[in-house]
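Quick notes on the structure that follows.
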Amino acid sequence: MVNKSTHTALDAASVTTMAEVRISIDDLDRQIVTLLGERMRFIEAAARIKPEREAVRDQWRVDDVLTKVGETADKVNFSKKIAQKLYADLIESSILHELVNFDRLAGNNLNGREDDQVEDKKPAKVKAIEKGSAEVETGEVDTWVY
Ligand SMILES: C=C(O[C@@H]1C=C(C(=O)O)C=C[C@H]1O)C(=O)O
């Protein structure tokens with residue numbers, strides 16, 4: 001969890017200079033990206049737990065997340081429309097990441113299947129892992145292309 005005491009974001013209503021604005025935005029961005037990274041670890045967990053590829057995209061849950069995000073935005077005086085737009089994009093990227101991880105864990109090779117779009121967006125390292133090259137040893141994806 002983010003510990004506010006270690007951060008430099010100021011009270012927006014009392015800042016008077018652009019330097020203070022930017023220090024605060026930089027700090028908040030560090031916290032937001034850290035939390036998004038934590039969220040992505042759970043997407044990877046989902047890829048490990050779900051029994052089949054067809055379960056990766058669960059439209060009911062996508063709608064559920066967007067509804068809850070809209071409710072939270074309303075509560076914290078943030079635009080519901082912006083929050084849902086950002087999250088729709090985040091969820092699509094998350095689903096792609098989940099698919100890549102699901103396939104890696106399943107040892108699937110998607111070449112020749114109709115899922116060309118996903119295949120095209122895979123990091124070279126994931127493709128190498130799927131092809132069973134020496135890269136398998138490291139097993140980690142260090143390049144994000146989606
Ligand atoms: C993590 C899940 O997988 C996908 C990713 C979601 C997300 O980023 O919140 C939501 C629905 C799923 O299609 C899930 O089913 O909960």
Side-chain angles (χ1 to χ4, degrees), residues 1-13 15 21-146:
M1 231 354 244
V2 177
N3 177 2
K4 209 164 189 298
S5 66
T6 63
H7 295 283
T8 47
L10 305 165
D11 177 15
V15 294
V21 166
R22 288 178 180 173
I23 283 170
S24 299
I25 287 177
D26 286 346
D27 180 63
L28 289 167
D29 287 343
R30 272 192 297 273
Q31 295 181 56
I32 290 166
V33 173
T34 300
L35 287 172
L36 288 174
E38 262 183 56
R39 189 183 199 279
M40 219 43 138
R41 302 292 83 77
F42 285 98
I43 295 297
E44 288 154 9
R48 169 170 50 78
I49 293 164
K50 287 186 185 177
E52 63 221 9
R53 198 171 196 274
E54 287 63 38
V56 167
R57 178 188 292 274
D58 180 336
Q59 196 55 47
W60 175 86
R61 176 59 180 162
V62 171
D63 295 343
D64 180 50
V65 172
L66 290 175
T67 300
K68 287 169 176 163
V69 161
E71 286 167 2
T72 302
D74 280 343
K75 271 189 207 138
V76 302
N77 193 25
F78 180 50
S79 158
K80 182 176 182 163
K81 206 167 161 184
I82 295 175
Q84 289 182 330
K85 191 171 128 193
L86 291 171
Y87 260 77
D89 197 28
L90 174 64
I91 293 170
E92 283 311 308
S93 296
S94 298
I95 289 172
L96 196 50
H97 186 60
E98 195 176 319
L99 279 171
V100 167
N101 277 268
F102 184 93
D103 288 337
R104 183 174 55 81
L105 292 170
N108 285 351
N109 183 348
L110 294 176
N111 286 336
R113 284 180 37 180
E114 60 195 40
D115 240 335
D116 289 346
Q117 215 191 343
V118 170
E119 178 66 22
D120 285 344
K121 288 177 177 169
K122 283 182 183 179
K125 200 159 191 171
V126 172
K127 291 185 186 174
I129 288 166
E130 287 179 356
K131 287 205 180 97
S133 75
E135 301 266 14
V136 175
E137 303 302 323
T138 63
E140 61 182 76
V141 179
D142 61 4
T143 312
W144 292 79
V145 291
Y146 50 90

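Side chains are part of it too, since the values below use all heavy atoms of this structure and drop only hydrogens, waters and symmetry mates. Counting convention: from 1, in listed order, for ligands and their atoms alike.
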Legend entry - Heavy atom of Gln59, distance to ligand 1 below 4.0 Å: no
Legend entry - N/O donor-acceptor pair under 3.5 Å between Arg41 side chain and Gly37 backbone: yes
Legend entry - Residues Glu98, Arg53: salt bridge by 4.0 Å N-O rule: no
Legend entry - Contacting atoms of ligand 1, where contact means under 4.0 angstrom from a heavy atom of Glu98: 1 (C), 2 (C), 3 (O), 4 (C), 5 (C)
Legend entry - Closest approach of any protein heavy atom to atom 6 (C) of ligand 1, naming residue and atom: Ile91 CG2, 4.1 Å
Legend entry - Lys68 and Glu71 ion-paired at < 4.0 Å: no
Legend entry - Subset of ligand 1 atoms that lie under 4.0 Å from at least one heavy atom of Arg39: 7 (C), 8 (O), 9 (O)
Inset, instruction - Step through the shown structure and confirm whether more than 12 heavy atoms of other residues, nucleotides or ligands are within 6.0 Å of CZ on Arg22. - result: no
Legend entry - Pairwise side-chain contact, Val65 with Arg61, heavy-atom cut-off 4.5 Å (strictly under): yes
Inset, instruction - Could you tell me the separation between the CG atom of Leu10 and the OG1 atom of Thr8, rounded to the nearest 0.5 Å? - result: 7.0 Å
Legend entry - Distance, nearest 0.5 Å, that separates OG of Ser94 from CG of Leu99: 11.0 Å
Inset, instruction - List every atom of ligand 1 that sits less than 4.0 Å from any heavy atom of Val65, numbering the atoms from 1 in the order shown and giving each element. - result: 9 (O)
Inset, instruction - Look at atom 10 (C) of ligand 1 and say which protein heavy atom is nearest, naming residue and atom and giving the distance to 0.1 Å. - result: Arg61 CG, 3.8 Å
Inset, instruction - Identify the protein heavy atom lying closest to atom 15 (O) of ligand 1, giving its residue, its atom name and the separation to 0.1 Å. - result: Lys50 NZ, 2.8 Å
Inset, instruction - Consider every N or O of Val56 and every N or O of ligand 1, then say whether any pair is closer than 3.5 Å. - result: yes
Inset, instruction - Mark up the atoms of ligand 1 that fall under 4.0 Å of a heavy atom belonging to Ser94, in ascending order. - result: 8 (O)
Legend entry - Under 4.0 Å to a heavy atom of Arg57 - the qualifying atoms of ligand 1, by number: 13 (O)
